Number of protein chains: 2
Amino acid sequence: MEPRTTRATLQTVADEVGVSRTTVSNAYSRPDQLNSALRERILEAARRLGYPGPDAAARSLRRGRAGAIGLVFTETLSYAFADPYSVGFLRGVAEVAESSGTGLLLIPMPPGTDEAETAMRDAVVDGFCLYCMPVRHPAKKVIQARGLPVVTTDENDDPSIPHVGIDERASARLAAEHLTRLGHRRVAVMVDHVVEPGRAGRATVEEQRDSECAVLHGRLGGYREVLEEAGVDWANVPVVAAGRNSRPAAAAAAAHLLDVADRPTAVLATGDVLALGVLDACEQRGLVPGRDISVAGFDDVPEAARARLTTVRQPMGEKGRRAARLLLDPRDPGEAVPRVQLPTELVVRATTGPVPR
Amino acid sequence: MEPRTTRATLQTVADEVGVSRTTVSNAYSRPDQLNSALRERILEAARRLGYPGPDAAARSLRRGRAGAIGLVFTETLSYAFADPYSVGFLRGVAEVAESSGTGLLLIPMPPGTDEAETAMRDAVVDGFCLYCMPVRHPAKKVIQARGLPVVTTDENDDPSIPHVGIDERASARLAAEHLTRLGHRRVAVMVDHVVEPGRAGRATVEEQRDSECAVLHGRLGGYREVLEEAGVDWANVPVVAAGRNSRPAAAAAAAHLLDVADRPTAVLATGDVLALGVLDACEQRGLVPGRDISVAGFDDVPEAARARLTTVRQPMGEKGRRAARLLLDPRDPGEAVPRVQLPTELVVRATTGPVPR
DNA sequence: TTGAAAGCGATACCAT
DNA sequence: ATGGTATCGCTTTCAA
């Protein structure tokens, strides 16, 4: 018996078989470089010695390739699986990554700045997809410093980073115009959060302006334009935060809208999950959406169709696919930085209708 | 200007500042090991030189730690995001991983054996979570050979691998007994696939036996026991495969069940997504579930509650959390291999009722 | 085909 | 607080 104090390595196997490291390496990575009898002998010896195969990290270092792309969220990782919009996006990314044999590394974002920077540095990846990342995030500069391909979605400040997204403002307008055309003027808005995650309740115009989230700015901006064009004073439009992007949170926050004297005739939600929560709240109160009150969402997640929710559809799966492709298909340096803008459309279903009289 | 032909490395920065590599390394990894003035000088020089920070692969190699755990599916990666059960599980894994600063690497499984083995070898991870993996999968031995911590869910053959799951057979019995108690004897079963993915239609008893999927065996076995106890000949029980685990596929396959002379009075589905598809098919035909026909699912995904589906609840989030913990909390070698069995329960809602007369 | 030598880029340990 | 040295485990020329 050999002493098994130290783990078996390429060298161990090479010595055992009486060949060089190169040959053992080839046995794994380039089967065509040696005759299969020798290869079998090597593999057999490896098995016998308990050699686990070429070390992944060492291989990655030597080759300069990780075989994975990193997905970076600001939200908690588990949120990535909680929100159907996010799931749709990830699914798109996964489709493309998979077809090129690339793994997907979901990178958690620790709270502290130093920790976050370290996390971004330690990710063994060939590129980053930034998702839901505030315009100014400390970890962003680390990611850029690494010099790997990067792509952003939704939030796009930096023109030097490839981007795939939608026209947030114009898309939001679609929903708002639909409502004003139906005659609605007393409109309220439901968002996930404005200033800080978790904080629910009405947000002032100043707070809206100070938000770090470009998507929120775009969507609120679109709503605002349309409503002002219809003669509504934006300062009087209640913008209510659910605190978190969840159905129950939205349902709870909807109380601010529904249980008041001058209940709005319509609610614009910046996401379908929120809109569905508002619908839940309506149901609890015996309000029939589309008749007693109008509710419009954003995203068109799968559940929206079942709930007959009027919403703005954005192609989340396609977004993910395009983002992944931008990362995986190398572009030549001369080329302009790609900026993909995907189309959106208003989907009118049953939750919106004329102003009740 | 320095020549920038070669990428900046630790050494480059060390030379520039006139310190040793160690000190530069410490500036990044152990800020407390040097005075902050020097650290600032180093970081500044790094910035100036375009040094991207310590290389992730090199660091991972040297430290012997990857900072990520690998999730391995047999299904396509995008499927992981398509199935709500799977999403719930992943969410649980993500919660725990995140809390310990660990990333999640979703590893695609290529079709070929060699490719699959390479993919498992190249994953830079500290452990593997095997999910939905057939009892005999070629990639499995590579994973075990790597000698990293491994945990399986659902499919469990090997007693040497830690496992978290449910009692498939007993849980399936819950649903079946509920139906037989209601008087149902003409019962059909809907599964995703038996022999090979994609193949839809009725499956013979032989095909059922030959399936590689332990979960399927467990659930069908449970149904069978109960039905036979109730005097039903299993050979006469239609077991229909939807081909894929999707709602539309199930709805389509339900035609085999609903559009026949002796329509069953009840359908047992091995998953909620399938059950929901059956409900869709019922709706198209004007059949009211719970009155005209009974439908029971399995999993209790979020949509099930909305659809008022009777089903067997399994704690998918908890499954994920436990699996992640088994991977991340190191156990001492002497300890027995953990096998966690999570509880399930029957959730009776509106889609099941007495036999229509 | 096979092998020798030269790194890939960083960190740990032990002095200083 | 700093620095020297050894090493992590592999792949890649290039020559034999």
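Each chain gets a letter, A, B and so on, in the order the sequences are listed, and its residues count up from 1. All values reported here derive from a predicted model rather than from experimental measurement.
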A/Gly67 backbone acceptor or donor facing A/Asp126 side chain under 3.5 Å: yes
Pairs flagged by salt bridge (Lys or Arg N to Asp or Glu O under 4.0 Å) wherever residues 30-40 of chain B is involved - sequence neighbours left out: B/Glu40-B/Arg47
Length of the CG-P vector between A/Leu10 and D/dT11, whole Å: 6 Å
Side chains of residues 322-340 of chain B: which donor-acceptor pairs under 3.5 Å do they make with residues two or more places apart or in other chains?
unit_1: B/Arg322; atom_1: NH1; unit_2: B/Glu318; atom_2: OE2; d: 3.3
unit_1: B/Arg339; atom_1: NH1; unit_2: B/Ile161; atom_2: O; d: 3.2

A/Arg59 side chain near D/dT11 phosphate (N/O to OP1/OP2, under 4.0 Å): yes
Atom-to-atom span, CG of A/Asp15 to P of D/dG9 - whole angstrom: 14 Å
Could you give the side-chain donor-acceptor pairs of residues 85-112 of chain B under 3.5 Å, partners two or more places apart or in another chain?
unit_1: B/Tyr85; atom_1: OH; unit_2: B/Asp154; atom_2: OD2; d: 3.4
unit_1: B/Tyr85; atom_1: OH; unit_2: B/Lys319; atom_2: NZ; d: 2.7
unit_1: B/Ser86; atom_1: OG; unit_2: B/Ala80; atom_2: O; d: 2.8
unit_1: B/Ser86; atom_1: OG; unit_2: B/Tyr131; atom_2: OH; d: 3.3
unit_1: B/Glu95; atom_1: OE1; unit_2: B/Arg321; atom_2: NH1; d: 3.2
unit_1: B/Glu98; atom_1: OE1; unit_2: A/Leu77; atom_2: N; d: 3.1
unit_1: B/Glu98; atom_1: OE2; unit_2: A/Leu77; atom_2: N; d: 2.5
unit_1: B/Ser99; atom_1: OG; unit_2: B/Val96; atom_2: O; d: 2.7
unit_1: B/Ser100; atom_1: OG; unit_2: B/Ala97; atom_2: O; d: 3.2
unit_1: B/Ser100; atom_1: OG; unit_2: B/Thr102; atom_2: OG1; d: 2.9
unit_1: B/Thr102; atom_1: OG1; unit_2: B/Ser100; atom_2: O; d: 3.4

Contacts of B/Asp55 that satisfy salt bridge (charged side-chain N to carboxylate O under 4.0 Å, His left out) - sequence neighbours left out: none
d(CG, B/Asp55; P, C/dG7) in whole Å: 18 Å
Stepwise side chain to side chain contact (heavy atoms under 4.5 Å, CB included) check, A/His163 with A/Thr153: CA-CA 6 Å; A/His163 176 262; A/Thr153 21; 5.5 Å; no
Nucleotide C/dG9, atom P - distance to OH of B/Tyr51 in whole Å: 10 Å
Nearest-0.5 Å distance, OG of residue B/Ser60 to CG of residue A/Asp122: 8.0 Å
Separation of C/dA10 P from B/Arg65 CZ (nearest whole Å): 18 Å
Step-by-step side chain to side chain contact (heavy atoms under 4.5 Å, CB included) determination, A/Glu16 to A/Tyr51: CA-CA 11 Å; A/Glu16 172 82 7; A/Tyr51 173 62; over 6 Å; no
Residues from residues 26-45 of chain A lying under 4.0 Å of DNA chain D - heavy atoms: A/Ser29, A/Arg30
Interatomic distance where CZ belongs to B/Arg121 and C1' belongs to D/dG9 [whole Å]: 15 Å
Nucleic acid contacts of residues 17-24 of chain A, taken as heavy-atom distances under 4.0 Å to DNA chain D: A/Arg21, A/Thr22
Criterion side chain to side chain contact (heavy atoms under 4.5 Å, CB included) on A/Glu212 and A/Arg136, from CA distance to verdict: CA-CA 8 Å; A/Glu212 294 261 289; A/Arg136 312 239 147 283; 4.1 Å; yes
Whole-Å gap separating P (D/dC8) and CG (A/Leu61): 14 Å
Whole angstrom value for the distance that separates C1' of C/dT11 from CZ of B/Arg62: 5 Å
